[in-house]
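Below is one structure, written out as structure tokens; the observations come after it.
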Protein chains: 2
Amino acid sequence: MSTDFDNGITDLNLEDIARLSGVSRSTVSRVVNHHPNVSEITRRKVLEIIERYNFKPHPAARALASQRANIIGILIPHIVSDLFTDPFFSILLQGITTAANSVNYSPVLWLTSANVDESAFYDQVFNDRLADGMIVASATVNASFIKRLDQRGKPYIIIGRPFTAYEQSSYVDSENEQGARMMVEHLIKQGRRRIGMITGRSGLTSSHDRLQGYISALQHADIPIDMRLITPAGDYSDASGYTGMKLLLHHRIDAVFAANDVMAASAMRAIKEAGLRIPEDIAIGGFDDMGIARTTEPPLTTVQQPITQLGDYAVRGLIDLLEGRVEPPFQQMLPVKLIVRQST
Amino acid sequence: MSTDFDNGITDLNLEDIARLSGVSRSTVSRVVNHHPNVSEITRRKVLEIIERYNFKPHPAARALASQRANIIGILIPHIVSDLFTDPFFSILLQGITTAANSVNYSPVLWLTSANVDESAFYDQVFNDRLADGMIVASATVNASFIKRLDQRGKPYIIIGRPFTAYEQSSYVDSENEQGARMMVEHLIKQGRRRIGMITGRSGLTSSHDRLQGYISALQHADIPIDMRLITPAGDYSDASGYTGMKLLLHHRIDAVFAANDVMAASAMRAIKEAGLRIPEDIAIGGFDDMGIARTTEPPLTTVQQPITQLGDYAVRGLIDLLEGRVEPPFQQMLPVKLIVRQST
DNA sequence: AATAAGTTTGGGAGCGCTCCCATAAATATT
DNA sequence: AATATTTATGGGAGCGCTCCCAAACTTATT
């Protein structure tokens, strides 16, 4: 028992606090865990000692006794480059960690790395006994992935609706299709007819859904789908937005919808380099509404997606699952919003 | 004890494995922890059972008994925007988590968030009892920060040499000053004389050191320092590189050194928009050598910094500290390398 | 006033490991 | 062959909590 109680954490335990406040270990435990049935006088007395010594219960002891570690795993099973070129994951990570902290959970991070054996990595992830539950960011997950997640026997939530078995799995996602449709409908309303699309990384439901929204908006407006106006190789990266736009410029288009803001910004560069004006010659819309959308020239019309909230809902949903307040599957779609700026 | 031992983790414990392999709990523990003094026959027998049932020791129990959780905290005390515009932190995070995984440590993440009370956040961080040690990414740390880190009573390593008290603190850092000097010397050798600099975020030793390298290279070449050629408000962001370059274009310069690649890339945009050629009219150098440096037009000459290794050394250093193999302060400077491409 | 019901408190057992010490078995030394 | 030394194994105690049950104390009910 350290005497240095002015600052830092001490190595006191429940028993010490109990002795110091003249009650039993059990009572201190009740106070710490906000259990009812502790008299107000006792509670205050104990709380005072706890505060004075800055006592925090030992997490490992608590985890062992309660079989709950208050730890959530965050798995970002994404290829490296995406993580770096698209701020989406950084913002998401921020949202998740903040939400976790606010409910006293610690987030442990799993990131794949290019030069590491993938199967060994996933063995590590799926055999992990530390985390009470898992948040899987990005739905490149397939059936066998979900199977292993299930076998782990602990709750999980996927950010982004998975393609397979999504009826049974828990996820939070943005209304990607609806957002894309809103954007393209907006372009149509502005009188645009030859509207191109720069797609996101294939294999992600977000890409799929945004493309779907684009298609359905055109169909509703009786504009025929021209496959040449849909770039095949977009992947949400800066580079793919630029080269995608270069390709689209070969066909005379009057508008383009990029599946995220990063690609929209680099597409704008390509448009300008071709000597065309935005929005006069080509209108352009993005998706995400991240910081970059406000600094482009002109500012970018985009679909606002609540990335931070995605993390927030994932954490809250996971903990509800963990504490048995809800039954899986937990599924939540978050609304998106069209933000009209000067690029359309 | 679950019978589902074909896949997933089971809820077996040491005692169960001991019974199944006909030895005692202690012996299994020795096998699991690679202790000597276990006969080869016994070891194999136990290992076979462990594998068959895919047994993993319960981390909380282990942590409680050994008082070591095998968890390291990663603190990124950075304002939000930086984290998103500069891939540096993403790459670093990747390096840290990969290194941690490889030595069976779990990284828990602490990220500050704009809309969260900062002092409450740091109270949480510094009172954390879970992590055995801490890696602090980015040296915006000041004396009081380091004091609280010390009071926590557990090892820590700072990534980036701190300004204050750096003689006593443990850190890993890149040779920023030397790298910057190499770059500017290279520009001088190419015959450039009016060399501008777009600085990094003030308050970071990396910015300070890179500026210092720029100054010392000029001084060694007897080129007077012109304060007008040093942008005051760079902060490593895309936007600040662009506006910084716009300012520098008012003075006739023949080269510019940007404190990171992100700013160099946006500075290149500004140069092109002004109708100037790279490198004929203005040569430009960056710092970091991230992916972007290879995709700019022309490809960017830059100083390669081993970001992933920074994380790697931090983890290894921290664990050496943790296991008492080295005494603090642990200090390590990593070499950088000039990569000449076509922008100079 | 006697009993019933509710509230507050304490103590034991147990979570699944590690680590120490004692003992048993194998090997070396005289 | 008897003893000393090394190597291998088992069991107890303990890490710091939670959770259950029993006991003590209050308050309500008749």
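A note on names: the letters A, B, ... follow the listed sequences, proteins ahead of strands, and every chain is numbered from 1.
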Distance in angstrom units between A/Asn37 CG and D/dA23 C1', rounded: 15 Å
Please report the distance, rounded to the nearest Å, between CZ in B/Arg19 and C1' in D/dG10. 15 Å
Base, backbone or nothing for each nucleotide of nucleotides 23-28 of chain C, written B, S, -, heavy atoms under 4.0 angstrom, 5' to 3'? ------
In whole angstrom, what separates A/Arg43's CZ from C/dT8's P? 9 Å
Restricting to salt bridge (Lys or Arg N to Asp or Glu O under 4.0 Å), what partner residues turn up for A/Arg148, sequence neighbours left out? A/Asp123
Without hydrogens or angle criteria, can the side chains of A/Asp132 and A/Asn70 be said to hold a donor-acceptor pair below 3.5 Å? no
With sequence neighbours left out, the residues meeting side-chain hydrogen bond (donor to acceptor under 3.5 Å, both in side chains) with A/Ser26 are none
Is a salt bridge present between B/Glu15 and B/Arg19, judged by a nitrogen-to-oxygen distance below 4.0 Å? no
Mind checking side-chain hydrogen bond (donor to acceptor under 3.5 Å, both in side chains) for A/Tyr156 and listing every partner two or more places apart, or none if nothing turns up? A/Asp150
Would you mind reading off the bend of the helix from C/dA1-D/dT30 to C/dT29-D/dA2 from its two end axes, five pairs each, to 10 degrees? 40°
Nearest-Å distance for atom pair CD/P, residues A/Glu40 and C/dT7: 15 Å
Any side-chain N or O of B/Ser39 less than 4.0 Å from the OP1 or OP2 oxygen of D/dT9? yes
Restricting to side chain to side chain contact (heavy atoms under 4.5 Å, CB included), what partner residues turn up for B/Gln309, sequence neighbours left out? B/Pro306, B/Tyr313, B/Leu334
Would you give me the side-chain donor-acceptor pairs under 3.5 Å for residues 98-109 of chain B, sequence neighbours excluded?
{"from": "B/Thr98", "atom 1": "OG1", "to": "B/Gln94", "atom 2": "O", "distance (Å)": "2.8"}
{"from": "B/Ser102", "atom 1": "OG", "to": "B/Ala99", "atom 2": "O", "distance (Å)": "2.8"}
{"from": "B/Tyr105", "atom 1": "OH", "to": "B/Arg68", "atom 2": "NH2", "distance (Å)": "2.4"}

Under the side chain to side chain contact (heavy atoms under 4.5 Å, CB included) test, residues paired with A/Asp117 that sit two or more places apart: A/Ser119, A/Ala120
Can you list everything that forms a salt bridge (Lys or Arg N to Asp or Glu O under 4.0 Å) with A/Glu327? Sequence neighbours excluded, please. none
Who passes side-chain hydrogen bond (donor to acceptor under 3.5 Å, both in side chains) against A/Ser66, sequence neighbours left out? none
Between NE2 of A/His35 and P of C/dG10 the distance, given in whole Å, is 16 Å
Summarise how protein sits on nucleotides 11-17 of chain C as a single string, 5' to 3': B when a protein heavy atom is under 4.0 Å from the base, S for sugar-phosphate-only contact, - for no contact. BBBBBBB
Residues which pass side-chain hydrogen bond (donor to acceptor under 3.5 Å, both in side chains) with A/Ser174, listed by chain and number, not counting sequence neighbours: A/Gln305
